[in-house]
Trainee: 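Before I ask anything, here is the structure I am working with.
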Amino acid sequence: MNGTLEAGTATPAPGRAHPRHSSPDVDYDTFVRTVYDRYGPLLLRYATRLLDGDWHKAEDILQEAAARAWKHAPYLGTRDELVRPWLFTVVKNLVIDHHRSRQIRPLELRPAEELDTAWETPETLLTLHVVLEALEELTEQQRTVIRLMYYLECSVAQAAEHLGIPPGTVKSRAFYALRALRKALEERGVVGT
């Protein structure tokens, strides 16, 4: 294999061709090797640029693009004018999917080893229990905004995006939620008036 795609005829793009119209004699291994040899470095640089320099994620994207090309090998054929744009489109779409999933994925939790164990004293455990009890008196809306802003440390903009409400509404809800929580804690003698 010399790293170039051999001239040949290709069937229509995926989704337009029927499987029985594809060539059954496709050498999948050679096709994928050719994709990596000919387009791998270009696709890797392209994905890295779209991912703001995240080389490791770009390698994952390239691998997924090659897997998809392998699945569509009979449809893509060996024509460079069909394979190259298809691969670049797949990489771009995979990067877009990656960015979207990062926006909607919940914040990652920290490993237990990284947490400070100083909070495990009997006094702090009792205080924690009282605070959790006071939180139960709040409305679900108030608990949610407190959880987002003070437990998960989301910004006002992040909380607004997560809740699908304007940032001003988040600020207002946070103000009233903290006021209600303070009142519940005062009733329990945890905070002074």
Trainee: How long is the span from the CD atom in Q63 to the CZ atom in R68, to the nearest 0.5 Å?
Mentor: 12.5 Å
Trainee: Applying the 4.5 Å side-chain criterion to the ILVMFWY set and letting contacts propagate, would I146 and L152 be lumped into a single cluster?
Mentor: yes
Trainee: Does any part of the side chain of L42, heavy atoms only, come nearer than 4.5 Å to the side chain of F88, both counted from C-beta?
Mentor: yes
Trainee: When you look at OH of Y176, are more than 12 heavy atoms from neighbouring residues, nucleotides or ligands closer to it than 6.0 Å?
Mentor: no
Trainee: In Å, rounded to the nearest 0.5 Å, how long is the span from CZ of R173 to CD1 of I165?
Mentor: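 Rounded to the nearest 0.5 Å, the CZ-CD1 separation comes to 3.5 Å.
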Trainee: How close do A47 and V91 get, counting heavy atoms only, and between which atoms?
Mentor: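 Scanning both residues completely, I find the closest heavy atoms to be CB-CG1, 3.8 Å.
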Trainee: Compare every heavy atom of A134 with every heavy atom of L185, then report the nearest pair and how far apart it is.
Mentor: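 Looking at all heavy atoms of both residues, the shortest contact is CD2-CB, 3.7 Å.
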Trainee: Do T30 and R33 have side chains that approach each other closer than 4.5 Å (heavy atoms only, starting at C-beta)?
Mentor: yes
Trainee: Would E187 and R182 pass as an ion pair if we require N to O under 4.0 Å?
Mentor: no
Trainee: I need the minimum non-hydrogen distance between K71 and P74, along with the two atoms involved.
Mentor: O-CD, 4.0 Å
Trainee: Salt-bridge test for K183 and E186: reply yes if a basic N is under 4.0 Å from a carboxylate O, no otherwise.
Mentor: no
Trainee: Checking side chain to side chain contact (heavy atoms under 4.5 Å, CB included) against C154, which of L148, V145, V170 comes through?
Mentor: L148
Trainee: Do V32 and Y28 sit in the same hydrophobic cluster, where Ile, Leu, Val, Met, Phe, Trp and Tyr count as joined when their side-chain heavy atoms come under 4.5 Å apart?
Mentor: yes
